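Quick notes on the structure that follows.
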Amino acid sequence: MAWIKIRDALRGEPGTELTIKGWVRTRRDSKADGGLSFVAVHDGTCFDPIQVVARGDLANYADEIARLNTGCSVEVDGVLVASQGKGQSVEIQATGVRVVGWVEDPDTYPVSNKRHSFEYLREVAHLRTRTNTFGAVARVRHTLACAIHRFFDERDFFYVHTPIITASDAEGAGQMFQVSTLDMMNLPQTPEGGVDYNEDFFARKAHLTVSGQLNVETYCCSLSRVYTFGPTFRAENSNTSRHLAEFWMIEPEIAFADLGDNARLADEMLKFVIDDLLTRRADDMKFFDDRIEKGIVDRLRAVAEAPLRLLPYTDAVKILQECGQKFEYRVQWGTDLQSEHERYLTELHFKQPVALINYPKKIKAFYMRENDPGTDGAPEATVAAMDLLVPGVGELIGGSQREERLDVLDRRIEEMGLVKEDYWWYRDLRRYGTVPHAGYGLGFERLVQYVTGMQNIRDVIPFPRAPRQAEF
RNA sequence: GCCCCGAUAGCUCAAUGGUAGAGCGAGCGGCUGUUAACCGCUAGGUUCCAGGUUCGAGCCCUGGUCGGGGCGCCA
């Protein structure tokens, strides 16, 4: 008999002989017809398990089948039949059930057949994908990742693998994890008493990357449209439901493009992946809609259909100052918005994603392109930055048009107290055939959070890495 | 890093300073083409750890560990 996936079995033709392999979700017994058991089996290929009907006349019924517990692994041979019961259209009339693996102690099986809190399931992350929620998250995560690659591929972007280890100490996007093969108990010293990194693996200080942006800009300035999709590391002591020490980031970079092109790209990408997700993972999304965040499917559909709202920072400040809402922190032009302010804009005022653009220069990174004076009626200099805020998650995307003018870039590097020589290859891009270009970083886990309604980012990545959290 | 909250049965939680309980899960039995099944019985506890106060501490005090929420940093 052919082994087929439960996803296919559930939409198969009655009468088909088949074998399925998976794990027991539940077992219910009945004394009818001389005894029989209903065994729900899942194999992760779709949201629903399939119901196996095992009759009492099967050779191993009393010894094995009637003793199956949640978590046992089984192989089932049988015939697909129309179900006599409610709740499923087809089921498997078993002709043979082989128990592949028992559950050692059903009383202490960590993911027994009952509701578990997400906090608890985080402690048994190696088993939590056996639950409805985490199985669905895993499938959605996969589908989103594929959709992102397909989106870029269809638009002639090239996928670039930027380095994980970076030997330049100059990325400037936060605390970095150091990478070293030196013996920490016996560090080589310089004559001045510091650590002699000449003795280290790379003969210099090295770190895990906090962004592939500077590297991918080089490919952008030759291949025109590129993106990265890889792991990113931040050694920040962040204890929130939307930060990880290790996360995945998508960073497209487009040449001959300005901030408007950048925002359009982000909008198109978001719409593409949402549409793809709602089509391909309708079963899982129905679950998130029912059990995790009511109405999320409709809200996502609305986002996929409406144009992205762009809002200059200067206008956002005005809205916040005039809205009459009580904030803990006062809103004033020139400071970064607090999360309460971002929340107000996206969750209460607009009730949809909002892309804030043209931020004050003094609160943004050196590589962001300086706008002409007076852009949006701003009182001070602004840069062509863009933060896409979404309800529930906050900042989903952060990006900008890059400063392509060497003299302006050099001035910015200097103003921020950075060392020009550290950026020699980055500056070369502006010396040799510079072009206006732009890009953004999309936090992949935040995207998964946004589309599923999962509240904690640690529940949308298989094995979360956060301060004091590296189990598994 | 800062502020707040929490830790009791496999899980989720109760318990005025005075014999530690329930629901779910699990085991056994009953009933039933079952499906959040239902009914009955049973088992299950170093009350996070180390000290302290007290005749007596799950409860009060001190220190620690772990977890959660909020804020900051950002994606």
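Quick note: numbers below take in every heavy atom, side chains included, and nothing from hydrogens, waters or symmetry partners. The structure presented is a predicted model; accordingly, all values stated were derived computationally and were not measured. Residue numbering restarts at 1 for every chain, and letters A, B, ... go by the order of the sequence lines.
Separation of the C1' atoms belonging to B/U34 and B/C48 is 41 Å when rounded to the nearest angstrom. The separation of B/C59 from B/A7, taken at their C1' atoms, amounts to 14 Å, rounded to a whole angstrom. The separation of B/G6 from B/U12, taken at their C1' atoms, amounts to 14 Å, rounded to a whole angstrom. Rounded to a whole angstrom, the distance from the C1' atom of B/A14 to that of B/G72 is 37 Å. A gap of 15 Å separates the C1' atoms of B/C49 and B/U8, to the nearest Å. Across the P atoms, B/C4 and B/A22 are found 36 Å apart, a figure rounded to whole Å. Of the C1' atoms belonging to B/G68 and B/G29, the separation is 41 Å, rounded to the nearest Å. Between B/G17 and B/G23, the two P atoms lie 25 Å apart (nearest whole Å).
Comparing B/G68, B/G33, B/C74 against the side chain of A/Arg446 picks out B/C74 as the nearest. With distances taken from any side-chain atom of A/Gln88 to the nucleotides B/U34, B/G23, B/A26, the minimum falls on B/U34. Distance from the side chain of A/Ser241 is smallest for B/G70 among the nucleotides B/G70, B/G33, B/U12. Closest contact between the side chain of A/Arg234 and the listed nucleotides B/U12, B/A75, B/G33 involves B/A75.
Using a 4.0 Å heavy-atom criterion, one finds that A/Ser30 contacts the bases of the nucleic acid, with or without backbone contacts as well. Residue A/Arg25 is out of contact with every strand shown, counting any heavy-atom pair closer than 4.0 Å. Here A/Gln338 lies in heavy-atom contact (under 4.0 Å) with sugar-phosphate atoms only. If you check every strand for non-hydrogen atoms under 4.0 Å, A/Ser117 touches sugar and phosphate atoms only. Using a 4.0 Å heavy-atom cutoff across all strands shown, A/Val53 reaches at least one base atom of the nucleic acid. Residue-level contact check: A/Glu119 touches the backbone only, with heavy atoms under 4.0 Å from sugar-phosphate atoms and none from bases. A/Leu244 comes within 4.0 angstrom of a nucleotide base, judged by non-hydrogen atoms across all strands. When heavy atoms are screened at a 4.0 angstrom cut-off, A/Gly398 is found touching the sugar-phosphate backbone but no base atom. Among the heavy atoms of the strands lying under 4.0 Å from A/Asn456 are primed sugar atoms or P, OP1, OP2 only; no base atom is included. Nucleic acid contact for A/Glu91: base, since at least one base atom lies under 4.0 Å from a heavy atom of the residue. Counting any heavy atom pair closer than 4.0 Å across all strands shown, A/Gln469 reaches no nucleic acid atom. Note on A/Asn113: only backbone sugar-phosphate atoms sit closer than 4.0 angstrom, heavy atoms only; bases stay farther off. Residue A/Asn69 is classed as a sugar-phosphate contact, given heavy-atom separations below 4.0 Å to backbone atoms only. Nucleic acid contact class of A/Arg27 (heavy atoms, under 4.0 Å, all strands): none.
The separation between A/Trp248 atom CH2 and B/A75 atom P is 18 Å, rounded to whole Å. One atom, CD1 of A/Ile363, and another, C1' of B/G72, lie 14 Å apart when rounded to the nearest Å. Here the P atom of nucleotide B/U32 and the CZ atom of A/Phe38 are 13 Å apart, to the nearest Å. Whole-Å rounding puts the A/Phe118 CZ to B/G6 P distance at 23 Å. A straight line from NZ of A/Lys31 to C1' of B/A37 spans 15 Å, rounded to a whole angstrom. For A/Phe327 and B/G70, the CZ to P distance is 18 Å, given to the nearest whole Å. Between A/His116 atom NE2 and B/A9 atom P the separation is 15 Å, expressed in whole Å. As a whole-Å value, the separation of A/Ile457 CD1 from B/G69 C1' is 16 Å.
In this model, the phosphate group of B/C73 is not approached by any side-chain N or O of A/Thr240 to a distance below 4.0 Å at OP1 or OP2. Note on A/Arg115: every side-chain N or O is 4.0 Å or more away from OP1 and OP2 of B/A36. Applying the 4.0 Å criterion to OP1 and OP2 of B/A26, one finds that A/Ser112 has every side-chain N and O outside that range. Residue A/Gln51 has no polar side-chain atom (N or O) positioned under 4.0 Å from OP1 or OP2 of B/U34. Using a 4.0 Å cut-off, no side-chain N or O of A/Arg242 falls inside it from OP1 or OP2 of B/G70. At B/G68, one or more side-chain N or O atoms of A/Arg458 fall inside 4.0 Å of OP1 or OP2 (strictly under the cut-off). Contact annotation: A/Asn237 side-chain N/O to B/C2 OP1/OP2 distance is not under 4.0 Å.
Taking a pair to require two hydrogen-bonding distances under 3.5 Å in either a Watson-Crick or a G-U wobble arrangement, B/C71 pairs with B/G1. Of the nucleotides present, none pairs with B/G44 by Watson-Crick or G-U wobble criteria with both distances under 3.5 Å. Both distances falling under 3.5 Å, in either a Watson-Crick or a G-U wobble arrangement, occur for no nucleotide opposite B/A57. Across every strand in view, B/C38 sits in a pair with B/G30 that passes the Watson-Crick or G-U test at under 3.5 angstrom. When Watson-Crick and G-U wobble pairs are counted only if both distances are under 3.5 Å, B/A15 pairs with no nucleotide at all. A 3.5 Å limit on both hydrogen-bonding distances identifies B/A7 as the Watson-Crick or G-U partner of B/U65.
Screening A/Gln213, A/Arg412, A/Arg402, A/Gln401 for a side-chain hydrogen bond (donor to acceptor under 3.5 Å, both in side chains) involving A/Tyr367 leaves a single residue, A/Gln213. Looking at A/Phe327, A/Tyr329, A/Tyr313 one by one, the single match for ring-ring contact (aromatic ring centres under 6.0 Å, His included) with A/His341 turns out to be A/Phe327.
A distance of 6.0 Å or more separates the ring centres of A/His149 and A/Phe151.
Counting non-hydrogen atoms of neighbouring residues, nucleotides and ligands closer than 6.0 angstrom, the CZ atom of A/Arg98 exceeds 12 such neighbours. The 12-atom threshold is not exceeded at CZ of A/Arg115, counting heavy atoms of other residues, nucleotides or ligands nearer than 6.0 Å.
Remark: the backbone N or O of A/Phe134 is not paired with any side-chain donor or acceptor of A/Thr129 at under 3.5 angstrom.
Aromatic stacking is marked for A/Phe247 over B/A75, as both cut-offs hold: 5.5 Å for the centres and 30° for the planes.
Nearest approach of A/Ala54 to A/Ala94, heavy atoms of both residues: CA-CB, 4.3 Å.
We find that A/Asp283 and A/Arg281 are joined by a salt bridge, their nearest charged nitrogen and carboxylate oxygen being less than 4.0 Å apart.
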